[in-house]
Structures are given as structure tokens and as C-alpha cells.
Student: 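The structure that follows is given in the form of C-alpha cells.
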Amino acid sequence: MNDLLFELLLPELFDYATCLEYMERSALECLYRADSTGVTRLFELGSGPLLIKLTMRDGSFIQARLLHGSVPGIEEQERLARYITEWFDLDRDLTPFYTLAAADPLLGPLAVRFHGLRIVGIPDLFEALCWAILGQQVNLAFAYRLKQRLTAEYGRSMEWEGHTYYCFARPEDLLGVSVEELCALQLTRSKARTILEVAALLARGELSREALLDMPSPEAAEKELVAIRGIGPWTAQYVRMRCLRDPSSFPVGDVGLQNAVKVLTGMDKKPTPAELVGLSVGWRGWEAYATFYLWRTLY
DNA sequence: CTCCAGGATAGAT
DNA sequence: ATCTATCATGGA
């Protein structure tokens, strides 16, 4: 099966190959498979599981093809199209970012080197929160393993042509689960407790992406998230950046960001958050993109 | 054994 | 409101 479902017109300043290079960076990523031909991912948006492959046509369209599953209805296809748009930040006009980057000694070379790279997002709030929580204070390789175990245990999967594709667990999938069960997957008690708390809040409708986006400001949404035990500034800013799509989010406490700046500027030690704020005066409004491009230099 | 990794919290100052 | 001791797990 290889049905073309729909096409999305790509914006200016978008480079699919550059985005794919970023997505190929970790062989440990379990929630999609990326190679130079495209990205394949398992979706659950309504009636049943859909294995979707995104490819490029003519350098100006993304094609969504159904590899396996029953052909979704129009409403489900619209949800899929919205997901893809969010995933690759297709609605964003990057012109202002490239203008300011060109005048910035740190970002200038990166804007050339990674031209057309978008912040690859995590549209699903539960997945974004879990990924951020799992990534707290551990190296990325270990964070990927934790996510893989969590997904294999509580998510769903599909075999197709010799590969296994996974869907991340939904909040409801974790409702009866205990802290001990998650600790058995090598999560710390804090990560386990926080993920279960977030799952419960989402399942009860007391937390949602829509509600966070409806708040008066991204800062207000961040405050809401930080009120949850186990979610600090870094986690909330990370979610602002990759799920809520706030281009001005700036996770200054991020060790990866600090290391990237240290290496690129030749500093003898990592910059403090205050120093990062000082460096970023020219990035106003686009700190998240600056951060993402700086992270990109680490791989 | 030590130090670090895409931190957070409670308690002290 | 800002510092610091502590937690906690795997990798180098």
C-alpha cells in the first residue's frame, strides 16, 4: 500500500533535507524513522492506526502517503495535516530570524550552515512533557532509552516491512500505573511521579495544550506548568519551545545550549544563564530558534 | 572512583 | 528573592 493522501505546500526558508538530517541524528529515536527519503511515523488520530510516510515533491510540497492502515476520512486527514504543520513549524515566517541572524556573529554562520532548518516540534503535549521530564539531568542517549522503554511498555506498535513503528503512550494508558512500575524502567522516583501526575491532569482535562495556548501569554503558560511538582523552568521552557511553539522561549539553564555557546565562542567555561541573556539581546523574539540552531551544532 | 549529562526541590540565608 | 545541599541514574 502506498496511497497519496494529500500534499502540503512548503513555505519559503524551509529545507526538508536539512530537517531530515536533524531527525536522523539519533538512531535511538523510537517515535519515527527518518532517512534521506523521508520520515515514517505511526499515528493514532481517530479510527485506527495509520502508518504515514512524508516525502518531498519538487522541493516545494510535502506528500503524506499511507503505508498501512485504512484510508482515513477527511476530518482525520485534516488532523494529520495540522499535526504535520505543527511538527515542522510550516506556518512560521522565518524571515525576521534570518535577518537578525545575518547580523549576529554567533548565529550568522549557523543560519548559513543549517539554512531552512525548522524547529522540529512535539505537537502532542503529553509526549512533549514526558520527553522533557525524561531528559532532565541525564545524557540524551539515556533519555532516548527511557522513552523507548516507556513507549514499548505503554504505547502501541505496528510491524511493517521489517521495522517496528511505535506510538507514544496516551495519558489514559498510564492511569493505573504505579511509581514502582515506572521506576522498574530506570526512571527516578521524581520522573515517575511527575509523569504520572501529568498523565492524570491531562486525562482529567485539567491540563491541555489548547488551554495553555489560550492563556494570556507564554509566560503565563510556563507559570502554570511550573506549578506542577517536578516541572521546573527548564522543562516548562522546553515545552513552550517545542510544543506550544513560542519562538521567544529561551531555556537558559540548558546545559547543551551552554556547551554550544562555550564551544562556538571559545569561552574557557560554560556561560551562566545571565551571560546567555546578555548574548541574546539581538535575538529578541527568536530565542527558541537561536537555541535550536545552537543545539544543532552539538551533533 | 570522579565527573558530567538538553534539572528540580526543600531548606537556609 | 537568591544560594546550596541533595537526589538520582547511566556513560565516559
Side-chain angles (χ1 to χ4, degrees), chain A residues 22-31 106 110 114 117-122 125 127-150 152-153 178-198 201 219 222-265 267-277 279-280 283 287-299:
Chain A
Y22 161 77
M23 296 179 85
E24 290 177 72
R25 80 192 190 286
S26 178
L28 298 167
E29 173 62 67
C30 62
L31 296 181
L106 203 49
L110 303 185
F114 305 121
L117 175 67
R118 302 266 160 166
I119 295 180
V120 178
I122 306 175
L125 178 60
E127 183 190 323
L129 279 165
C130 286
W131 177 232
I133 292 161
L134 293 175
Q136 291 168 353
Q137 189 60 25
V138 298
N139 62 66
L140 265 182
F142 183 52
Y144 276 113
R145 289 174 56 198
L146 292 178
K147 182 167 77 165
Q148 203 280 332
R149 288 177 193 157
L150 199 59
E153 191 70 27
S178 67
V179 170
E180 286 68 28
E181 286 172 89
L182 293 187
C183 288
L185 305 180
Q186 304 310 121
L187 277 74
T188 60
R189 297 191 70 78
S190 171
K191 288 187 200 303
R193 225 180 6 181
T194 308
I195 283 177
L196 291 176
E197 171 66 8
V198 164
L201 288 171
E219 290 77 12
E222 179 176 329
K223 197 174 168 190
E224 184 92 358
L225 288 173
V226 168
I228 300 167
R229 181 183 166 87
I231 294 181
W234 177 85
T235 303
Q237 287 158 7
Y238 189 91
V239 168
R240 269 175 68 178
M241 173 175 168
R242 296 198 66 189
C243 183
L244 303 182
R245 282 293 183 200
D246 169 21
S248 69
S249 180
F250 193 28
V252 288
D254 184 88
V255 176
L257 173 64
Q258 294 167 2
N259 278 326
V261 171
K262 170 177 179 284
V263 169
L264 291 173
T265 60
M267 300 168 86
D268 57 342
K269 54 180 184 178
K270 289 182 293 188
T272 64
E275 289 174 315
L276 284 175
V277 170
L279 267 174
S280 73
W283 311 346
E287 293 87 342
Y289 261 90
T291 299
F292 198 72
Y293 275 57
L294 286 162
W295 276 345
R296 185 63 186 76
T297 65
L298 295 171
Y299 311 119

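Lettering follows sequence order; numbering is per chain, from 1.
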Student: If you find the nucleotide of DNA chain B closest to A:Ala141 and the one closest to A:Ile228, which residue's nucleotide is nearer the 5' end?
Tutor: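 Residue closer to the 5' terminus by nearest nucleotide: A:Ala141.
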
Student: Determine, stepwise, if the pair A:Phe114 / A:Tyr22 fulfils ring-ring contact (aromatic ring centres under 6.0 Å, His included).
Tutor: CA-CA 10 Å; A:Phe114 305 121; A:Tyr22 161 77; 9.7 Å; no

Student: Which whole-number value in Å describes the distance from A:Gln137 CD to B:dG7 C1'?
Tutor: 5 Å

Student: Taking the nucleotide of DNA chain B with the nearest heavy atom to each, does A:Val226 or A:Trp131 sit closer to the 5' end?
Tutor: A:Trp131

Student: Whole angstrom is fine here: how far is it from CG in A:Leu150 over to P in C:dT9?
Tutor: 16 Å

Student: Give the nucleotide from the list B:dG7, C:dT9, B:dA5 with an atom nearest to the side chain of A:Trp234.
Tutor: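 Of all the options, the side chain of A:Trp234 is nearest to B:dG7.
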
Student: Please state how far atom CZ in A:Phe142 lies from atom P in B:dG7, giving the value in whole angstrom units.
Tutor: 14 Å

Student: Salt bridge (charged side-chain N to carboxylate O under 4.0 Å, His left out): which pairs involve residues 231-241 of chain A, sequence neighbours left out?
Tutor: A:Glu219-A:Arg240, A:Glu222-A:Arg240, A:Arg240-A:Asp246

Student: Could you state the atom-to-atom distance from NZ of A:Lys269 to P of B:dC4 in whole Å?
Tutor: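 For the pair A:Lys269 NZ and B:dC4 P, the rounded distance is 13 Å.
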
Student: Closer than 4.0 Å, any side-chain N/O of A:Asn139 to the OP1 or OP2 of C:dT9?
Tutor: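 No, outside the criterion.
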
Student: Which part of the nucleic acid does A:Ile231 contact within heavy-atom distance under 4.0 Å: base, sugar-phosphate only, or nothing?
Tutor: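 It contacts sugar-phosphate atoms only.
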
Student: Expressed as a whole number of angstroms, how long is the span from A:Leu187:CG to C:dT9:C1'?
Tutor: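 Going from CG in A:Leu187 over to C1' in C:dT9 covers 10 Å.
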
Student: Is there side-chain contact between A:Leu129 and A:Thr194, with at least one heavy-atom pair below 4.5 Å?
Tutor: no

Student: Go through the structure and list residues passing salt bridge (Lys or Arg N to Asp or Glu O under 4.0 Å) with A:Glu29, not counting sequence neighbours.
Tutor: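 In terms of salt bridge (Lys or Arg N to Asp or Glu O under 4.0 Å), with neighbours along the sequence ignored, A:Glu29 is linked to A:Lys147.
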
Student: With a 4.0 Å cut-off on heavy atoms, is A:Ser190 in touch with a base, just the backbone sugar-phosphate, or nothing at all?
Tutor: nothing

Student: Counting only N and O atoms by type, is there a donor-acceptor contact under 3.5 Å from the side chain of A:Ser178 to the main-chain atoms of A:Glu181?
Tutor: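 Confirmed, A:Ser178 side chain pairs with A:Glu181 backbone.
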
Student: Any side-chain to backbone donor/acceptor pair from A:Ser249 onto A:Gln237? Under 3.5 Å, distance only.
Tutor: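 Checked: pair present.
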
Student: Return no unless some side-chain N or O of A:Gln136 is found under 4.0 Å from OP1 or OP2 of B:dA5.
Tutor: no

Student: What's the gap between B:dT2 and C:dT6 when it is taken at their P atoms, as a whole Å value?
Tutor: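 Roughly 16 Å separates the two P atoms.
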
Student: Does anything in residues 244-257 of chain A reach DNA chain C, meaning a heavy atom under 4.0 Å, and if so which residues?
Tutor: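 Nucleic-acid contacts, sorted: none.
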
Student: Which nucleotide, B:dT9, B:dA8, B:dA5, lies nearest any side-chain atom of A:Arg229?
Tutor: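 So the side chain of A:Arg229 is nearest to B:dT9.
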
Student: In terms of relative ring orientation, are A:Tyr289 and A:Tyr293 parallel, tilted or perpendicular, with 30° and 60° separating the classes?
Tutor: tilted

Student: Rounded to whole angstrom units, what separation is found between the CZ atom of A:Arg189 and the P atom of C:dT9?
Tutor: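 Whole-Å distance recorded here is 9 Å.
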
Student: Should A:Lys270 be listed as having a side-chain N or O under 4.0 Å from OP1 or OP2 of B:dA5?
Tutor: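 Yes, such a contact exists.
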
Student: Is A:Thr235 close enough to B:dA8 that one of its side-chain N or O atoms is under 4.0 Å from OP1 or OP2 there?
Tutor: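 True: A:Thr235 side-chain N/O within range (under 4.0 Å) of B:dA8 OP1/OP2.
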
Student: When you measure from the side chain of A:Arg242 to the backbone N and O of A:Val120, does any donor-acceptor pair fall under 3.5 Å?
Tutor: yes

Student: Rounded to whole Å, please give me the gap between CD in A:Glu180 and P in C:dA8.
Tutor: 13 Å

Student: Can you check the A:Ile133 CD1 to B:dT9 C1' distance for me, whole Å?
Tutor: 14 Å

